[in-house]
Amino acid sequence: MTSLLLLADPIMGAHSQGPLHPEDPARLDACLRALRGVTLPASRWAAGRDVTRDELARLHDPAYVDAVERARGEARAFDVDVTLSAGSVPAAVRAAGASLSAVEEVCAGAAKAAFALVRPPGHHAERGRAMGFCVYNNVALAAAHAIAALGCARVLIIDWDVHHGNGTQHLFERRDDVLVFNTHQSPHYPGTGAAFERGHGPGEGYTVNVPLPPGMGDGDYAAVFDELLAPIAEQFAPELVLVSAGFDAHRDDPLGDMRVTDEGFATLCARAQAIADAHAGGRLVLLLEGGYDLDGLARSVVACARVLVGEAAPPPRPQSAAIAPVLRAARDVHGARWRL
């Protein structure tokens with residue numbers, strides 16, 4: 001079995017939002033250059049496939065899918081903060097499809113873990129709206145595909161991007177077969193993700209938001225994963241673990257105010273891997289979201305890839321005093337549903 005499947009395709013580099021836009025094709029180039037410069041035993045590369053209209057329509061409004069398709073080959077502002085170039089729609093279709101390819105390979109046992117280097121990113125995309133640099137919600141589509149087509153009964157989505165994954169939350173907040181665990185800077189874009197947002201109806205309790213004040217570092221994030229995510233995951237018992245792997249909580253990132261290091265992301269990846277190993281037969285897929293300092297992004301992606309091929313992550317740094325009230329607040333909100 002391949003230890004790590006890496007998915008990327010040059011077509012995703014054809015999506016451009018302008019020369020000064022932070023979500024730039026250079027992001028993908030930096031990741032691929034860094035990954036190809038290191039040795040990753042038992043890994044292989046693939047391009048993935050295109051997503052189909054029916055697969056998109058599992059979560060996205062068909063009218064929205066049609067509107068995106070009509071923009072194929074055009075260069076125009078598609079939403080307030082989403083600009084399309086002539087190559088953007090093929091890139092978005094391949095990004096979503098590669099995300100589905102990743103879960104297909106992992107669920108079939110062809111790879112233990114996968115890392116889909118995709119753009120445009122996805123976790124802000126709503127059912128019927130592009131948003132926050134995102135066109136289609138890659139991680140949400142991957143989760144829905146795993147349940148609808150691959151026999152998974154429960155999927156855990158971990159979103160460690162510095163921005164709250166509003167689209168992912170809203171797509172699943174009324175369901176109990178997908179648990180969405182978000183850590184994010186607050187207050188910050190997009191303004192959602194308060195701790196009291198817990199889901200609705202049968203999905204109540206399956207949305208877990210941990211809003212963090214600026215300045216949180218490696219030890220603080222590790223504490224959230226150890227004291228909140230791990231016990232919730234044990235009770236939820238996912239059959240597949242997906243990570244919205246945004247690296248804009250990096251200490252060098254221009255769009256966030258957090259202090260996570262390359263090593264800190266390796267630690268978070270190792271925590272996700274441990275959950276997958278304990279409950280999901282090791283089935284783990286990372287999907288690229290944000291991360292806008294090219295060097296910090298590339299180093300963090302490599303640090304996670306090294307963990308996924310079996311290298312040990314460094315122990316986390318000490319947590320700060322500021323994380324204690326965050327953990328207490330989360331226990332107050334979620335303690336009635338989960339043993340924390």
Side-chain angles (χ1 to χ4, degrees), residues 5 7-9 11-12 14-15 46-74 78-79 82 84 87-111 114 116-157 165-180 202-203 206 238-242 244 283 285-289:
L5 174 66
L7 294 107
D9 193 299
I11 198 171
M12 289 183 276
H15 166 60
R49 62 175 176 86
D50 286 348
V51 69
T52 69
R53 187 181 187 281
D54 287 345
E55 289 164 343
L56 290 170
R58 287 184 181 131
L59 295 180
H60 288 293
D61 287 341
Y64 171 68
V65 176
D66 292 341
V68 173
E69 191 58 35
R70 285 195 298 272
R72 183 180 289 264
E74 297 183 6
F78 193 70
D79 197 78
V82 179
L84 300 183
S88 293
V89 174
V93 168
R94 180 54 55 90
S99 303
L100 271 58
S101 295
V103 298
E104 288 168 351
E105 294 266 359
V106 167
C107 288
L117 286 304
V118 294
R119 59 177 301 275
H123 70 153
H124 294 307
E126 298 277 5
R127 187 176 302 276
R129 179 189 172 191
M131 183 177 174
F133 312 163
C134 304
V135 178
Y136 291 132
N137 197 310
N138 304 316
V139 71
L141 290 166
H145 186 61
I147 291 169
L150 303 177
C152 291
R154 293 173 305 281
V155 177
L156 169 64
I157 297 176
N166 55 290
T168 309
Q169 172 178 311
H170 294 153
L171 288 166
F172 292 119
E173 62 188 351
R174 295 187 179 275
R175 294 173 57 163
D176 61 3
D177 53 354
V178 179
L179 192 150
V180 180
Y206 293 85
E239 296 180 353
L240 173 68
V241 178
L242 305 178
S244 267
R283 291 182 289 272
V285 176
L286 274 62
L287 301 102
L288 184 64
E289 298 283 2

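As the structure is a computational prediction, the values presented were derived from the model and not from experiment.
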Original post:
Any side-chain heavy atom of I157 sitting closer than 4.5 Å to one from L179?
Top reply: no

Original post:
Got a second to check how far M131's CE is from N137's CG, nearest 0.5 Å?
Top reply: 11.5 Å

Original post:
Taking Y64 for the side chain and A130 for the main chain, is one N or O donor matched with an acceptor at less than 3.5 Å?
Top reply: yes

Subject >> R53/D66 ion pair, N-O < 4.0 Å >> reply: yes

Subject >> Candidates H123, H15, H60 - the one meeting ring-ring contact (aromatic ring centres under 6.0 Å, His included) with Y136 >> reply: H60

Subject >> For the student: nearest non-hydrogen atoms of D176 and P202, plus distance >> reply: CB-O, 3.3 Å

Subject >> side chain to side chain contact (heavy atoms under 4.5 Å, CB included) assessment of R283 paired with V241 >> reply: CA-CA 6 Å; R283 291 182 289 272; V241 178; over 6 Å; no

**OP:** Calculate, to the nearest 0.5 Å, the distance between atoms CG and CD belonging to L5 and E105 respectively.
**Re:** 5.0 Å

Original post:
Distance from E173 atom CD to L171 atom CG, nearest 0.5 Å?
Top reply: 8.5 Å

**OP:** Locate the shortest heavy-atom distance separating A98 from A47; write the atom from each residue and the value.
**Re:** CB-O, 4.0 Å

Original post:
Are any non-hydrogen side-chain atoms of V103 and L150 less than 4.5 angstrom apart?
Top reply: yes

Original post:
With side chains defined as the heavy atoms from C-beta onward, is the minimum distance between L84 and E74 less than 4.5 Å?
Top reply: no

Original post:
Can you check whether H170 reaches R127 side chain to side chain, under 4.5 Å on heavy atoms?
Top reply: no

**OP:** Write down the atom of P120, the atom of N138, and the distance for their closest heavy-atom approach.
**Re:** O-ND2, 3.2 Å

Original post:
If every non-hydrogen atom of A91 is compared with every non-hydrogen atom of I11, which pair is closest and at what distance?
Top reply: CB-O, 3.6 Å

Original post:
Closest heavy-atom contact between P90 and R72?
Top reply: CG-NH1, 3.4 Å

Original post:
Partners of R49 by salt bridge (charged side-chain N to carboxylate O under 4.0 Å, His left out), sequence neighbours excluded?
Top reply: E55, E104

Original post:
side chain to side chain contact (heavy atoms under 4.5 Å, CB included) between V285 and V139: does it pass, once the steps are laid out?
Top reply: CA-CA 9 Å; V285 176; V139 71; over 6 Å; no

**OP:** Please lay out, stage by stage, how F172 and L59 fare under the test side chain to side chain contact (heavy atoms under 4.5 Å, CB included).
**Re:** CA-CA 9 Å; F172 292 119; L59 295 180; 4.0 Å; yes

Original post:
Who passes side-chain hydrogen bond (donor to acceptor under 3.5 Å, both in side chains) against D61, sequence neighbours left out?
Top reply: none

Original post:
Using a distance-only test with no angle check, is there a side-chain donor-acceptor pair under 3.5 angstrom linking R58 and H145?
Top reply: yes

Subject >> Reported OH-to-CG distance for the pair Y206 and D177, which is rounded to 0.5 angstrom >> reply: 9.5 Å

Original post:
Is there a side chain to side chain contact (heavy atoms under 4.5 Å, CB included) between L7 and V118 once you walk through the steps?
Top reply: CA-CA 8 Å; L7 294 107; V118 294; 6.0 Å; no

**OP:** Measure across P121 and E289 and return the closest heavy-atom pair with its distance rounded to 0.1 Å.
**Re:** CB-OE1, 3.5 Å

Original post:
Rounded to the nearest 0.5 Å, what separation is found between the CD atom of E239 and the CZ atom of R154?
Top reply: 4.5 Å

**OP:** Measure the shortest side-chain to side-chain distance between E69 and V89 over non-hydrogen atoms and say whether it is less than 4.5 angstrom.
**Re:** yes

Original post:
Is there a side-chain contact between V93 and V135 (heavy atoms, below 4.5 Å)?
Top reply: no

Subject >> Inter-residue atom distance S99.OG - L141.CG, 0.5 Å rounding >> reply: 7.5 Å

